[in-house]
Amino acid sequence: MRGDYQQLVDEISAALGAPATLEDRDFGLIAFGAHESEDDEVMDPVRTRSILQRRSSAAVRAWFEAFGIARAKTPLRIPPDPAAGVFKGRICLPVRHRGIVHGYVWLLDDGHLTDLALGGHGARPDPRIAQAMETAARIGALLADEARAGSELGDLLRELLVTPADGRPAAAAALGEALRDTLRFTPGTPLTLVAVTPWDTSDTGAAPLPSLPGLLAACPLRPGQQAAAVPALAALVRLRPAGALAPAHTVAEHLLRSPRAGGGPAAASPPGPARATAAGPPHRPGTAGIGLGTRELTELPATWREALDAARAARAEPRLGPVAQWDDIGSYRMLTALPATGPDPAIGPLLSPAHAELARTAEVFLDCAGQASRTAQVLGIHRQTLYYRLGRVEKLTGLDLDDGGHRLLLHMALKAARL
């Protein structure tokens, strides 16, 4: 189906004599035409980022949506704005099917499209525009079909992940049959799950479709539907071979660039600054976790738990993230499996903001297996300063750092506090 999109985009480019790109409604790149111009300014920063990263930022998306593209039923002309990184004007062809917008075709106006009649307000469009809109409608029908298939697979994946153990065989059989019929899925193929947290679940119909290499299905899950305390996205990924998680990492990294990752866009900025910072940070950062591979669909709920735990660990421990595998999170494999409780009374005083430096010192000391010289080097302090701080930690907590049991309690309690 991806080849069909490319062919249709090429048709539009040929009809209008301008380079075109096709993006879904979340501004994820689907296909793009050749740029034959030698003018470097044709590839302005926004277009370049879209092609290289296969997605535009949320700020760019908001900038273009301010022109009404999500509501448009006819082509729109968008003027250039160098301050926003848009050096060339655009013509936007909304891609719709049965009244629903599924994406956009973008044409770079390199000068000869300036006088092209777009229609609207009862005016008749240029025949080339009419032809391009007919092609856009064919693209919309394809995207709608893909969305329906993706939605069905996502619903079946969600059902499997939230179904109690006694109902999982039936749920797995239904998902397996749909995967075979839709994607020619072979039973026994190694699979894993990617968890992206937090994820904006306000628009459940906007989950990613199976368009990334290896991505079979995806579904958003709210806290009441799964074990995590925050909304998350579950993405089912095919592995080749079983132990190679590279496809899952690719999917995770792509999903983390979505405007829905991190819980959705940050609070809207005033129009002026937003226009001036169209390439700036789009939203709060999210994290992603990857579970171990499995060949059994009935084992996917356990894999989902691993993926969630890995994402949670990556959020708690930045050195693990933003994408973490469950088998790489160390002690967090145990800590994330424990029920949520308050901090141990002994370390409660150490967790106050006033003692953040002491808590970090103690954690680094324990991470370094109690080696004073190594700890001092990591912290960039003198060993005497380290000993002074550790003495204060012992007074605050009542723990003896020469006692192995006390060290274990303090170490795990400090790690758990991050969660």
Side-chain angles (χ1 to χ4, degrees), residues 1-6 24 26 28 30-31 54 102 141-196 199 204-221 225-226 232-255 258 288-308 310 323 325-326:
M1 190 173 287
R2 295 287 119 176
D4 294 336
Y5 293 134
Q6 186 63 61
D24 62 26
D26 282 337
I30 298 174
R54 307 198 68 81
H102 288 276
L142 286 176
L143 286 172
D145 288 343
E146 190 173 356
R148 281 191 292 271
S151 178
E152 177 186 355
L153 291 174
D155 289 344
L156 291 171
L157 176 61
R158 181 188 299 107
E159 181 180 355
L160 174 59
L161 297 183
V162 303
T163 295
D166 57 355
R168 286 174 188 166
L175 175 60
E177 181 179 356
L179 287 171
R180 287 193 297 273
D181 293 345
T182 305
L183 301 174
R184 298 179 182 177
F185 173 78
T186 302
T189 297
L191 303 167
T192 193
L193 280 164
V194 172
V196 181
W199 186 266
T204 57
L209 300 175
S211 58
L212 296 173
L215 177 58
L216 302 180
C219 64
L221 291 164
Q225 297 176 308
Q226 37 90 20
L233 181 81
L236 181 63
V237 181
R238 177 173 46 215
L239 303 176
R240 293 176 179 172
L245 295 176
H249 279 274
T250 299
V251 169
E253 291 163 3
H254 182 96
L255 292 174
S258 167
I290 301 173
L292 297 180
T294 179
R295 294 180 183 271
E296 299 295 333
L297 292 175
T298 52
E299 294 177 359
L300 286 178
T303 303
W304 174 238
R305 175 73 262 182
E306 293 170 352
L308 278 175
V323 180
Q325 294 180 198
W326 183 81

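This is a predicted model, so every value here is computed, not measured.
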Q. Do you know which two heavy atoms are closest between Y5 and I30, and how far apart they sit?
A. CD1-CG2, 3.6 Å
(Q) Tell me whether E306 contacts the main-chain N or O of L292 through its side chain, where contact means a donor paired with an acceptor under 3.5 Å. (A) yes
What pairs of donor and acceptor atoms, side-chain ones from residues 159-170 against any protein atom, are under 3.5 angstrom apart with sequence neighbours left out?
from : atom 1 : to   : atom 2 : distance (Å)
T163 : OG1    : E159 : O      : 2.3
R168 : NE     : T163 : O      : 3.2

Q) Does T192 use its side chain to pair, donor to acceptor, with the backbone of G291 at less than 3.5 Å? A) yes
Q. Between W304 and V194, what is the shortest heavy-atom contact and its length?
A. CZ3-O, 3.7 Å
Q | Residue pair A234 / L157: nearest heavy atoms and the distance that separates them | A | O-CD2, 4.0 Å
Q: Enter the distance from L297:CG to R295:CZ here, rounded to the nearest 0.5 Å.
A: 12.5 Å
(Q) Going by side-chain contact (heavy atoms from CB on, under 4.5 Å), name the residues that satisfy it together with A144, two or more places apart in sequence or in a different chain. (A) H97, H102, R148
Donor-acceptor contacts, no H, no angles, side chain residues 172-183, under 3.5 Å, sequence neighbours left out:
from : atom 1 : to   : atom 2 : distance (Å)
T182 : OG1    : A178 : O      : 2.9

(Q) For A246, is there any backbone N or O sitting under 3.5 Å from a side-chain donor or acceptor partner on T250? (A) yes
**Q.** Qualifying residue for side chain to side chain contact (heavy atoms under 4.5 Å, CB included) with T303, from L193, L191, I290, L308
**A.** L193
Q: To the nearest 0.5 angstrom, please state how far the SG atom of C219 sits from the CG atom of L221.
A: 4.5 Å
Q) Can you name the closest pair of heavy atoms from A217 and G154 and give their distance? A) CB-N, 4.3 Å
Q.
Looking at every heavy atom in both A218 and L233, which two are closest together, and how far apart are they?
A. CB-CD1, 4.4 Å
Q. Residues two or more places apart in sequence or in another chain: which of them pass side-chain hydrogen bond (donor to acceptor under 3.5 Å, both in side chains) with E299?
A. T294
(Q) How close do L236 and L215 get, counting heavy atoms only, and between which atoms? (A) O-CD1, 3.5 Å
Q. From R238 CZ over to T186 OG1, what is the distance, rounded to the nearest 0.5 angstrom?
A. 8.0 Å
